[in-house]
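Only one structure is covered here, and it is reproduced in the block below.
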Amino acid sequence: VSRLHQDHRARTPHGLPPVPSHDTPITMTKITSKRIHSVHSSTESHWVGDGFPVRTLFSYHGLGEQLSPFLLLDYAGPREFEPTERRLGVGQHPHRGFETVTIVYEGEVEHRDSSSGGGKIGRGDVQWMTAGSGIIHEEFHGRDFAERGGLFEMVQLWVNLPAKDKMTSPRYQRILDEQIPAVDLGEGRAGSAGPAKTFSPIHVWDLRLDNDNSLDLAVPAGFNTTLVVLKGSVRVNEESVLEPAQLAVFERDGDSIRLDHGRGTRALLLSGEPIDEPIVGQGPFVMNTRQEIHQAVSDFQSGRMGRLS
């Protein structure tokens, strides 16, 4: 992930910032805009457990081919929670075949899983959990946050795994705010890749745009790309205007996106090399065949995905 700011800045837990260094040689390569494939909105919300009021902004059920390797994005909040001694969240449940990426904007999330991974993440932090061959985990509001109450806001992104990696060993990466490189887009310089380890080439850019301005982002040709607006508004390619909880899905061709944005805009730009393989999902499992789904259910029911102690 990377954080890009224009004040212009951006953060990148994984991925390279979309601006060249002043030292980068100038080439005569023609820049072409990625055309908008479709625009989507989400107004309906539902609860995940009793701690996460979410809107599903996209899902592989409708956009699997256009957004691969990204499977799903849930946006929780923003919502105020009263102080409580209760454990608000979602209890033990399994996953297999993909990764979950949780980015916290406000509040705290505590995670525990059957691979002995876990910890607490707060404002600006990221957890990157590889379910792989199978994992049992739970997620709750942080105890300190629950006791004092306050504003809660986060996103959770599901990232698919290639077939060859779906049965990899589970892994947990806790990435703190200070570990995530931030790039000031106004300075026009390149930064380093984010610290997250991934199984296919992807870019996750956390855009924080603090003034009224225009911005041209370089994105890889051939990658699936989507822009998700969380706060503020953005005009994309001088065409569609996106408001909060709206997203634009782009065609694979092209290598540039133009944004005209207002002050205080926050968005996610997701771009990844497509995994052109069948997607078969059922609840918390995402595999390539129906037989593999049946096996995942059997393995979970028999305890072969581990247990939380």
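Quick caveat: nothing in here was measured; it's all calculated off a predicted structure. When a residue number appears, it is its place in the shown sequence, counting from 1.
Between His137 and His111, the angle of the ring planes lies from 30° to 60°, which puts this pair in the tilted group. Between Phe152 and Phe52, the ring planes lie tilted relative to each other; the angle falls in the 30° to 60° range.
For CD of Glu65, the number of neighbouring non-hydrogen atoms (other residues, nucleotides, ligands) closer than 6.0 Å is 12 at most. The environment of Glu80 atom CD is dense: over 12 non-hydrogen atoms of other residues, nucleotides or ligands sit within 6.0 angstrom. Sparse packing is recorded around CZ of Arg35, with 12 or fewer heavy atoms of other residues, nucleotides or ligands lying under 6.0 Å away.
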| said: Between His40 and Ser38, is the side-chain hydrogen bond (donor to acceptor under 3.5 Å, both in side chains) condition met? List the steps. | reply: CA-CA 7 Å; His40 303 268; Ser38 54; 2.7 Å; yes
| said: The test is side-chain hydrogen bond (donor to acceptor under 3.5 Å, both in side chains); show your working for Lys34 and Asn237 and say whether it passes. | reply: CA-CA 8 Å; Lys34 276 187 179 289; Asn237 290 346; over 6 Å; no
| query | Would Thr265 and Lys231 satisfy side-chain contact (heavy atoms from CB on, under 4.5 Å), going step by step from the backbone distance to the final call? | reply | CA-CA 5 Å; Thr265 295; Lys231 182 180 179 181; over 6 Å; no
| Can you list the steps and then say if Val229 with Leu247 is a side-chain contact (heavy atoms from CB on, under 4.5 Å)? | CA-CA 6 Å; Val229 174; Leu247 64 132; over 6 Å; no
| task | Start with the C-alpha gap between Asp74 and Arg55, add the side-chain angles, then the distance that decides, and say whether side-chain contact (heavy atoms from CB on, under 4.5 Å) holds. | result | CA-CA 6 Å; Asp74 275 346; Arg55 285 170 286 178; over 6 Å; no
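The shortest distance between side-chain heavy atoms of Leu161 and Thr130 falls below 4.5 Å. Put simply, the side chain of Val155 reaches to within 4.5 Å of the side chain of Leu73, judged on heavy atoms. In this structure the side chain of Ile175 never reaches within 4.5 angstrom of the side chain of Gln127, judged on heavy atoms. The closest side-chain heavy-atom distance from Thr168 to Phe199 is below 4.5 Å. A heavy-atom distance below 4.5 Å is found between the side chains of Lys197 and Arg171. Between Leu72 and Thr56 the shortest side-chain heavy-atom distance falls below 4.5 Å. No side-chain heavy atom of Arg263 sits under 4.5 Å from any side-chain heavy atom of Asp210. Put simply, the side chain of Met129 reaches to within 4.5 Å of the side chain of Ile135, judged on heavy atoms.
When ring centroids are compared, Phe81 and His141 come within the 6.0 Å threshold.
When every heavy atom of Gly118 is checked against every heavy atom of Asp113, the shortest pair comes out as N-OD2, 4.3 Å. The shortest heavy-atom contact between Thr226 and Ala248 is OG1-O, 2.9 Å. In this structure, Val280 and Ile293 approach most closely via the heavy-atom pair O-CD1, 3.4 Å. Scanning all heavy atoms of the two residues, the minimum distance from Ser133 to Ser169 falls at OG-CA, 4.4 Å. Taking each heavy atom of Pro195 and Gln173 in turn, the nearest pair found is O-OE1, 4.1 Å. Between Gly97 and Met287 the shortest heavy-atom distance is CA-SD, 3.8 Å.
The closest side-chain donor-acceptor pair between Thr84 and Arg86, if any, does not fall under 3.5 angstrom. Between Glu273 and Ser200, the side chains place no donor N or O within less than 3.5 Å of an acceptor N or O (distance only, hydrogens not considered). In this structure, a donor-acceptor pair under 3.5 Å is absent between the side chains of Ser256 and Asp216. Between the side chains of Arg252 and Gln66, no donor-acceptor pair is found at a separation under 3.5 Å.
A single hydrophobic cluster is seen to contain both Ile202 and Val249, as judged by linkage of ILVMFWY side chains at heavy-atom distances under 4.5 Å, directly or through other members. Residues Ile275 and Phe70 are members of separate hydrophobic clusters, defined by side-chain heavy-atom contacts under 4.5 angstrom among Ile, Leu, Val, Met, Phe, Trp and Tyr. Note on Leu157: it clusters hydrophobically with Leu268, by side-chain heavy-atom contacts below 4.5 Å among ILVMFWY residues. Hydrophobic clustering, with ILVMFWY side chains joined whenever heavy atoms are under 4.5 angstrom apart, groups Val228 together with Ile103. Cluster membership for Leu242 and Leu217, using ILVMFWY side-chain heavy atoms within less than 4.5 angstrom, is shared.
Salt-bridge check for Glu153 with Arg266: passed, with a basic side-chain N closer than 4.0 Å to an acidic carboxylate O. Comment: Asp260 does not engage Arg235 in a salt bridge, judged by the lack of any side-chain N to carboxylate O separation of less than 4.0 angstrom. The pair Glu108-Arg148 counts as a salt bridge, with a side-chain nitrogen and a carboxylate oxygen less than 4.0 angstrom apart. Salt-bridge formation is detected for the pair Asp144/Lys120: a Lys NZ or Arg NE/NH1/NH2 atom is positioned less than 4.0 Å from an Asp or Glu carboxylate oxygen. Asp206 and Arg208 are joined by a salt bridge, as a carboxylate oxygen and a charged side-chain nitrogen come within less than 4.0 angstrom of each other.
In this structure, the separation between OG1 on Thr289 and CD on Gln295 is 10.0 Å, given to the nearest 0.5 Å. Atom CD in Gln246 sits 10.0 Å away from atom OG in Ser233 (nearest 0.5 Å). Interatomic distance, NE2 of His61 versus CD1 of Ile279, reported as 10.0 Å (0.5 Å rounding).
Checking side-chain atoms of Asp255 against main-chain N and O of Val219 turns up no donor-acceptor pair under 3.5 Å.
A cation-pi arrangement is not found for Arg96 relative to Phe285, the charged atom failing to lie both closer than 6.0 Å to the ring centre and inside a 45° cone about the ring normal.
Ile257 pairs in a side-chain contact (heavy atoms from CB on, under 4.5 Å) with only one of the listed residues (Ile36, Leu227, Thr225, Leu215), which is Thr225.
By the salt bridge (charged side-chain N to carboxylate O under 4.0 Å, His left out) test, Arg143 is found to be paired with Glu110, residues two or more places apart in sequence or in another chain being considered.
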